[in-house]
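Numbered from 1 within each chain, the chains take letters A, B, ... in sequence-line order.
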Amino acid sequence: MTDRSQEALDSMVLLRVAQGDERAMEQCITKFGPLVWSIAKRHVQDHSALEDIVQEAFTDLWKSAKRYNPAIATESTFVGLLARRRAIDFARKESRRPQLEPLPDADSLPHASIESSATLRCESEDVRAALKELPEETQQIFSLHFDEGMTHPEIVEKTGLPLGTVKTRLRRGLIDLRNKFRRLDSGQSPSNP
Amino acid sequence: MKNQDTSDRFEELEAGRILGDLDPNEIKDWKMLSANPSNQADLLLELAAAALDAEFLTSEDTVLPEELLKKLHGGISEFVSAEPKETVIVRPASWQGLLASSKTAWSIAALFAVLFIAKSFVEKTPIGPDDRIVTAPEKSSPSEARDTLISKAGDLIKSEFGGTEKYNQMSGTVVWSDALQEGYMSLTNLPANDPDTRQYQLWIVDPDRDEKPVDGGVFDISASDGTAIIPIRNPLVVTNPQAFVITLEQPGGVVVSKQEVVVALAKTS
């Protein structure tokens, strides 16, 4: 097998996992393990829980790989999506208090279906380009949250902004970014209305 | 609250849910608003967050703990041998009841309403990896492929399409094989669409798989089409199709249909 065809095969690791290829699953763990671990660490502090989440995320990946459609998202985005769901569901469960209104059980959270006609196949350079289009204050908060992994209270402490402002900027920034990705994906400039 | 305000509020709460930062009052609001069928979980928003994580966290020089890595690699055989588990929330019997009603737009709307009112859009655990992702190249015309399917499938399902009020001039059939995961629609007198404005989209109702209809692919009808043979392009395994529904959607199709324009329905039972 040539280097190029090996490279092409490596880039389709999820498709091979979907076919039940155990070797591809090994490659998948090597390739995406650090990403899954990093995402889990962003949301969960407990070390043993972290390990559980990573294992569960890969179990999800094994079971859900056949739902992966390369036309919808990149492999790392798909893996990131599964890891985020596991980690955030765990964190949400952990943060529950009896006096609070509980969210539905993790198993019944209304995640959008992965199989979809919508696409968001943005490569790394697209993500960077779209981020640069965001207002500077949003870029700053995104950098603190997504890049440096700061929690909301840490961002409040660092920036002096009220908590509500931090939350609003993150949420509206994410919505704005989704809209830019969508335009990019349809071949338009991210800055077009 | 006006519809647009409600929609904007839900979108913001959805972003909060995806970011994991909803407070208790917002959770209450989110729960209330998510009961509205028009407020749907937003996959693109979630993918955007995942793309950010992938972008920022992949570049980190992160190494998995050695013990965990061993566990993961050692656990692959457990993944492979794991028993499938399927959570069916809406029982087939209730679907059959729904589908037993008349082929009116109301019955179709009722069907979709039940699908969207259902609060849980949880991902179903698939039976296990298979080869559905890798699509074999099409070797023959849709018409030839359909004929081949009809001749070779031992479990062929065949059903007639009925058009809704505005589309009552159309007729058609759908053939489907669970075993081969292959199917075709044969559609006559379906109005031509402008692909830049609207596209037809097929939905497969399979209560064994999910409470939401499965996307069966978008397709176009041109003015020159007499009877169009359309292959069904299901990205997921369908094992118990109870109905095939055609809607008219935005170009490229949608993740979840708002059933604003339901064109036709074919029931299999």
Asks: Rounded to the nearest 0.5 Å, how far does CG of B:D21 lie from NE2 of A:H152?
Replies: 3.5 Å
Asks: Starting at CG of B:L68, measure out to OG of A:S48 and round the result to the nearest 0.5 Å.
Replies: 11.5 Å
Asks: Among the options A:T151, A:T168, A:V54, pick out the one with the most heavy-atom pairs lying under 4.5 Å from chain B.
Replies: A:V54
Asks: With a 4.5 angstrom heavy-atom cut-off, could you sort out which part of B:E26 is near chain A: side chain, backbone, both or neither?
Replies: side chain
Asks: Is it the case that more than 12 heavy atoms not belonging to A:E157 sit under 6.0 Å from its CD atom?
Replies: no
Asks: Examine whether an atom of B:N25 lies under 4.5 Å from a heavy atom of chain A, and if so say whether it belongs to the side chain, the backbone or both; otherwise answer neither.
Replies: neither
Asks: When you compare the side chain of B:D53 with that of A:F146, does any pair of heavy atoms fall below 4.5 Å?
Replies: yes
Asks: So which atom in B:A50 and which in A:G80 form the shortest heavy-atom distance, rounded to 0.1 Å?
Replies: CB-C, 3.9 Å
Asks: Sort B:L69 into side chain, backbone, both or neither according to what part of it lies under 4.5 angstrom from a heavy atom of chain A.
Replies: side chain
Asks: If we define contacts as heavy-atom pairs under 4.5 Å, which of B:G20, B:P65, B:G217 has the most with chain A?
Replies: B:P65
Asks: Between B:E46 and A:R84, is the closest basic N to carboxylate O distance under 4.0 Å?
Replies: no
Asks: What's the spacing between A:Q55 CD and B:K71 NZ if we round to 0.5 Å?
Replies: 5.5 Å
Asks: Check each atom of A:L50 against the heavy atoms of chain B and say whether the ones under 4.5 Å are side chain, backbone, both or neither.
Replies: neither
Asks: Using side-chain heavy atoms (C-beta onward) and a distance below 4.5 Å, is B:E55 in contact with A:D147?
Replies: no
Asks: Looking at A:I39, A:D60, A:L170, A:I175, which one has more heavy-atom pairs under 4.5 Å with chain B than the rest?
Replies: A:I175
Asks: Would you call B:L43 and A:L81 a side-chain contact if the rule is heavy atoms closer than 4.5 Å?
Replies: yes
Asks: Quick one: pull up NE2 in B:H73 and CD in A:E26 and give me the separation to the nearest 0.5 Å.
Replies: 6.5 Å
Asks: Hey, could you give me the CG/CG distance between B:L45 and A:L174, rounded to the nearest 0.5 Å?
Replies: 4.5 Å
Asks: Got a second to check how far A:L35's CG is from B:L57's CG, nearest 0.5 Å?
Replies: 6.0 Å
Asks: Which heavy atom in B:L52 sits nearest to a heavy atom in A:V127, and how many Å separate them?
Replies: CD2-CG1, 4.0 Å
Asks: Are the side chains of A:M25 and B:L72 in contact, using a 4.5 Å heavy-atom criterion?
Replies: no
Asks: In the structure I gave you, are the side-chain heavy atoms of A:H145 and B:L19 within less than 4.5 Å of one another anywhere?
Replies: yes
Asks: Looking at A:R178 and B:E11, is any side-chain nitrogen of the basic one under 4.0 Å from a carboxylate oxygen of the acidic one?
Replies: yes
